[in-house]
Student: 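Handing you a structure now.
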Number of protein chains: 2
Amino acid sequence: MHDARPERPADRRTRRREQTLEEVLDRAVELMATDGVAGLTMTRLAGAMGIRPPSLYKYFPSALAVQDALFARGQRENLEAWRAAVADAAPGLASLRAGMRATGRWAVAHPVLAQLLFWRPVPGFTPSEAAFAPAVLLQELVRTALADAVAQGEVVASAATGDGMALLAVLHFGVISQHLANEPQLDWEHGHFTRQHDVVLELFTRAHAVR
Amino acid sequence: MHDARPERPADRRTRRREQTLEEVLDRAVELMATDGVAGLTMTRLAGAMGIRPPSLYKYFPSALAVQDALFARGQRENLEAWRAAVADAAPGLASLRAGMRATGRWAVAHPVLAQLLFWRPVPGFTPSEAAFAPAVLLQELVRTALADAVAQGEVVASAATGDGMALLAVLHFGVISQHLANEPQLDWEHGHFTRQHDVVLELFTRAHAVR
DNA sequence: GTCTATAGGACGATAGAC
DNA sequence: GTCTATCGTCCTATAGAC
């Protein structure tokens, strides 16, 4: 905290640069919120940063690189939302409910990132493997939660199969996409579709209930 | 069939023009299938028609007018899919199942139109009231089918409320959007998510089952 | 890292000849 | 209805001075 030695200049520069990178992404999200997810351009993004377009290329080598960084940030945040919510939950169904509710909330609170992650509305953009990695990890966490629920006798084994995962995705993203398409201005508490999130989770457990 | 009088020239011209209008929309759908839903431009569309851009403006006054016509065509076809399927079905739940399955099939068979109708991926485009009209009508048909199901004692009254409609939309479009986002190349019979369509309809009736 | 200047294109749309 | 020609705007991206 009171280390007398000043930070090495190279470190300062690196840190400053990373701050700028993050700020670019902040501005990008703001722009997408007003002009649409596909309305992001390097020219406008530079303008929002208060710099000229060539300067922006010092931070991101291309427009697609910005999209990829946004995609990566969204995946990280979404995964983090799950982890934070699950930290204090019991394994199995309780954990699954907490995690899914948390990522649902995250998605409606960050509509432009959610659209980028789940709808892929930008033509010609395919996320890099690195940007996609958190999604793979999250998928595994869901699978584990389902397996725990089966092991604890909360649901039957069919819940933890590919069909079970597909049904869960249908229910979860059904809520989110209906919300984003029809009433994105409402928050999680006041949405007509988000209200159905608890309902569909209940339907899922009932579909795989132990007799 | 063998009317001797030739068609009036004005009628011929009108008919020819309408054929061309439809052909433009056909080409537009093809272009969107390859270049993405937002990748449709007047320049490329003219090229696909084998004409120059100014000629295209004789048929559609603007790029947004093309989008609107596509939106209108999609809504008409989707509504028609429901009507055709429901024609031979008994009122109530049987009718609801037949109609929803038919519009689901239509959506995955026409992915670009479905994206245009249900995801609204084109920035700055808001459909005209006329183009939207079939969607309003279809909404009413769904409501009626639900009301019939209630009247026949197939489900309890809560199924025909706003929440019931919202739940139904979540389930239906959840299947469709997961299919379009993850495995659009598969057809209705082979998709992992489309397989869940019958499942979710069953979940809906169970959620509102008469005790 | 910032800028000016610019290349090189695609786009929507219009004017006006045929 | 078709075309050529064109306007004005926006875009991605680079060269090169400071």
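Throughout, a chain's letter reflects where its sequence line sits, starting with A, and its residues are numbered from 1.
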Student: Which whole-number value in Å describes the distance from B:Arg15 CZ to D:dG1 P?
Tutor: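 Atom CZ in B:Arg15 sits about 13 Å away from atom P in D:dG1.
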Student: Could you check how far NZ of B:Lys58 sits from P of D:dC3, rounded to whole Å?
Tutor: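 That distance rounds to 12 Å.
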Student: Should we say atom CZ of A:Arg27 is surrounded by more than 12 heavy atoms from elsewhere, each under 6.0 Å from it?
Tutor: yes
Student: Measure all distances between protein nitrogen or oxygen atoms and nitrogen or oxygen atoms of nucleotides 4-11 of chain D, and list the pairs falling under 3.5 Å.
Tutor:
unit_1	atom_1	unit_2	atom_2	d
D:dC11	OP1	A:Thr41	OG1	3.1

Student: Might you confirm whether atom CD of A:Glu129 has over 12 heavy atoms from other residues, nucleotides or ligands at distances under 6.0 Å?
Tutor: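 Not more than 12 within 6.0 Å, no.
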Student: Take atom CZ in A:Arg17; do more than 12 heavy atoms of anything else shown fall under 6.0 Å from it?
Tutor: yes
Student: Quick check on D:dC3: is either OP1 or OP2 less than 4.0 Å from any side-chain nitrogen or oxygen of B:Ser55?
Tutor: yes
Student: Specify whether A:Trp188 and A:His197 have parallel, tilted or perpendicular ring planes, treating 30° as the upper limit for parallel and 60° as the lower limit for perpendicular.
Tutor: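 Because their plane-to-plane angle is over 60°, the rings of A:Trp188 and A:His197 count as perpendicular.
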Student: What is the distance, to the nearest angstrom, from the CZ atom on B:Phe125 to the C1' atom on C:dG12?
Tutor: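 My rounded result for the distance is 17 Å.
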Student: Can you establish whether the number of heavy atoms outside A:Arg52 located under 6.0 Å from its atom CZ is more than 12?
Tutor: no
Student: Closest to the A:Tyr59 side chain: D:dT2, D:dT12, C:dG1?
Tutor: C:dG1
Student: Mind calculating the distance between CZ (B:Phe60) and P (C:dG12) to the nearest angstrom?
Tutor: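 Those two atoms, CZ and P, are 14 Å apart.
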Student: Please give, in whole Å, the distance from C:dG1 C1' to A:Glu18 CD?
Tutor: 17 Å
Student: Given atom OH of B:Tyr57 and atom P of D:dT2, what is their separation to the nearest angstrom?
Tutor: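 In whole Å, D:dT2 P lies 15 Å from B:Tyr57 OH.
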Student: Out of C:dG1, D:dT2, D:dT12, which nucleotide sits closest to the side chain of A:Arg17?
Tutor: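 Closest nucleotide to the A:Arg17 side chain: C:dG1.
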Student: For the residue pair A:Phe132 and A:Phe71, categorise the inter-ring angle as parallel (less than 30°), tilted (30 to 60°) or perpendicular (more than 60°).
Tutor: parallel
